[in-house]
**Q** 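Would you mind keeping the following structure in view while I ask a few things?
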Amino acid sequence: MAKIKRGRYTAKMEQGYAVLMIGMRVNKLWAIPSWLPVFTAMGRMIRELYTNKEWGFLSAEFMFTARGVTVIQYWRSFEDMERYAKEGGIHLKAWREFNQLSRKTDAVGIYHESYLIEPGQYENVYVNMPSFGLGKAGNLIPADPHQAARDRLSHNDKQE
């Protein structure tokens, strides 16, 4: 289990970064042979990315729902993320396999959303949490206990 950092922290990123939300939704629960390969490919890709940090991948968090999973990924840049999508070992093969599968069945769906975050255009706070999200991708520093979200955003914007 991840070690809890007692207290109040905020994450600092020295430059802009990219966030990718990618996930799958099981549309037909009984169609396990259709959605299980998609689900297992996601885990393999994340392991590959953690092993090859030079590709620009910073960190990921998994969020499970009753019908699927969303992975929030933090990347050094959109260009790094795009390069992995087009050239990355496991991704390209998994993407081709999903495209073939999606022509045959609607048992599983996938989605992604990409966000480019400019320096100073984010804020966050973590209280009594293990390293999580941007706090795992960036540098955690102690946060002022009296600072509100707007104050953290203004302070972050001035320091960039």
Side-chain angles (χ1 to χ4, degrees), residues 1-26 35 37-95 98 108-160:
M1 182 175 248
K3 185 177 189 291
I4 293 173
K5 294 182 68 71
R6 289 189 48 88
R8 187 178 179 97
Y9 292 86
T10 188
K12 178 86 171 138
M13 297 293 283
E14 297 302 322
Q15 58 193 33
Y17 57 96
V19 176
L20 174 68
M21 288 179 48
I22 187 164
M24 62 164 276
R25 183 181 191 279
V26 176
W35 58 260
V38 178
F39 179 78
T40 59
M42 293 175 86
R44 287 194 315 273
M45 282 184 263
I46 295 298
R47 280 192 297 282
E48 177 182 57
L49 289 166
Y50 272 116
T51 302
N52 297 283
K53 293 287 238 174
E54 69 275 8
W55 293 350
F57 170 78
L58 300 173
S59 185
E61 297 293 347
F62 281 79
M63 307 291 177
F64 295 93
T65 66
R67 286 282 191 160
V69 62
T70 297
V71 184
I72 303 171
Q73 298 178 10
Y74 298 87
W75 288 81
R76 187 174 50 208
S77 69
F78 179 81
E79 290 74 23
D80 288 333
M81 187 172 65
E82 183 180 43
R83 190 174 311 107
Y84 176 73
K86 291 180 177 180
E87 303 170 12
I90 294 172
H91 178 268
L92 205 50
K93 182 176 185 281
W95 179 243
F98 176 79
V108 62
I110 64 168
Y111 56 90
H112 86 253
E113 299 177 4
S114 303
Y115 303 94
L116 305 180
I117 313 299
E118 294 298 322
Q121 298 302 302
Y122 63 93
E123 79 76 34
N124 53 75
V125 68
Y126 309 92
V127 180
N128 296 335
M129 289 281 297
S131 292
F132 179 86
L134 191 60
K136 191 164 64 174
N139 300 312
L140 277 177
I141 58 174
D144 181 339
H146 304 291
Q147 227 176 20
R150 181 172 298 280
D151 298 328
R152 283 189 301 277
L153 189 57
S154 297
H155 179 74
N156 193 4
D157 197 27
K158 289 176 189 166
Q159 286 196 348
E160 296 300 332

**Q** Measuring from atom CD of Glu113 to atom CG of Leu20, what distance do you get when rounded to the nearest 0.5 angstrom?
**A**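 With rounding to 0.5 Å, CD (Glu113) is 9.0 Å from CG (Leu20).
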
**Q** Side-chain atoms of residues 85-93: list all donor-acceptor pairs with protein atoms under 3.5 Å, sequence neighbours left out, distances to 0.1 Å.
**A**
{"residue": "His91", "atom": "ND1", "partner": "Ala85", "partner atom": "O", "Å": "2.8"}
{"residue": "Lys93", "atom": "NZ", "partner": "Glu97", "partner atom": "OE2", "Å": "2.7"}

**Q** Under 3.5 Å, which donor-acceptor pairs do the side chains of residues 69-76 form with other protein atoms, sequence neighbours left out?
**A**
{"residue": "Thr70", "atom": "OG1", "partner": "Tyr111", "partner atom": "OH", "Å": "2.2"}
{"residue": "Gln73", "atom": "OE1", "partner": "Trp75", "partner atom": "NE1", "Å": "2.8"}
{"residue": "Tyr74", "atom": "OH", "partner": "Leu134", "partner atom": "N", "Å": "3.4"}
{"residue": "Arg76", "atom": "NE", "partner": "Asp80", "partner atom": "OD2", "Å": "2.7"}
{"residue": "Arg76", "atom": "NH2", "partner": "Glu54", "partner atom": "O", "Å": "3.3"}
{"residue": "Arg76", "atom": "NH2", "partner": "Asp80", "partner atom": "OD2", "Å": "3.1"}

**Q** Counting only N and O atoms by type, is there a donor-acceptor contact under 3.5 Å from the side chain of Thr10 to the main-chain atoms of Asn124?
**A** yes

**Q** Supply the atom-to-atom distance Asn128 CG to Tyr9 OH, rounded to the nearest 0.5 angstrom.
**A**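 Asn128 CG to Tyr9 OH: 9.0 Å, rounded to 0.5 Å.
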
**Q** If the condition is salt bridge (Lys or Arg N to Asp or Glu O under 4.0 Å), which residues does Glu79 pass it with, not counting sequence neighbours?
**A**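 So Glu79 forms no salt bridge (Lys or Arg N to Asp or Glu O under 4.0 Å) with any residue.
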
**Q** In chain order, what residues pass the side-chain hydrogen bond (donor to acceptor under 3.5 Å, both in side chains) check against Arg47, with sequence neighbours excluded?
**A**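 Testing Arg47 for side-chain hydrogen bond (donor to acceptor under 3.5 Å, both in side chains), a comparison that skips the adjacent residues, returns none.
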
**Q** Should we say atom CH2 of Trp95 is surrounded by more than 12 heavy atoms from elsewhere, each under 6.0 Å from it?
**A** no

**Q** Which pairs count as salt bridge (charged side-chain N to carboxylate O under 4.0 Å, His left out) when at least one residue sits in residues 57-71, sequence neighbours excluded?
**A**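 Residue pairs passing salt bridge (charged side-chain N to carboxylate O under 4.0 Å, His left out), neighbours aside: Glu61-Lys136.
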
**Q** I need the Phe39 CZ to Phe64 CZ distance, nearest 0.5 Å.
**A** 5.0 Å

**Q** With sequence neighbours excluded, what pairs up with Tyr50 under the ring-ring contact (aromatic ring centres under 6.0 Å, His included) test?
**A**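 Partners of Tyr50 by the ring-ring contact (aromatic ring centres under 6.0 Å, His included) criterion, ordered by chain and then number, come out as Phe57.
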
**Q** For the residue pair Ala41 and Ala94, what are the closest heavy atoms and their distance?
**A**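 Distance-wise, the nearest heavy atoms are CB-CB, 4.0 Å.
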
**Q** Could you go through the side-chain contact (heavy atoms from CB on, under 4.5 Å) check for Arg25 and Val108 one step at a time?
**A** CA-CA 6 Å; Arg25 183 181 191 279; Val108 62; over 6 Å; no

**Q** Within the distance-only criterion (no hydrogens, no angle test), does the side chain of Tyr122 pair as donor or acceptor with the backbone N or O of Met13 below 3.5 angstrom?
**A** yes

**Q** Taking Gln147's backbone N and O only, do any of them form a donor-acceptor pair with Arg152's side chain (distance below 3.5 Å, no angle check)?
**A** yes

**Q** Within a reach of under 6.0 Å around CZ of Phe62, are more than 12 heavy atoms found that belong to other residues, nucleotides or ligands?
**A**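 Yes, the 6.0 Å shell around CZ holds more than 12 heavy atoms from other groups.
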
**Q** Quick one: pull up CG in Leu116 and CD in Gln121 and give me the separation to the nearest 0.5 Å.
**A**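 CD of Gln121 is found 12.5 Å from CG of Leu116.
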
**Q** Under the side chain to side chain donor-acceptor pair (under 3.5 Å) criterion, do Gln15 and Tyr17 qualify, and how do the steps go?
**A** CA-CA 7 Å; Gln15 58 193 33; Tyr17 57 96; over 6 Å; no

**Q** What heavy-atom pair brings Ala18 and Ser77 nearest, and what distance separates the two atoms?
**A** CB-C, 3.8 Å

**Q** Quick check for you: to the nearest 0.5 Å, what is the distance between Lys12 atom NZ and Leu140 atom CG?
**A**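 These two atoms lie 13.0 Å from each other.
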
**Q** Looking at CE of Met24 and CE of Met42, how far apart are the two atoms once the value is rounded to the nearest 0.5 Å?
**A**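 Answer rounded to 0.5 Å: 7.0 Å.
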
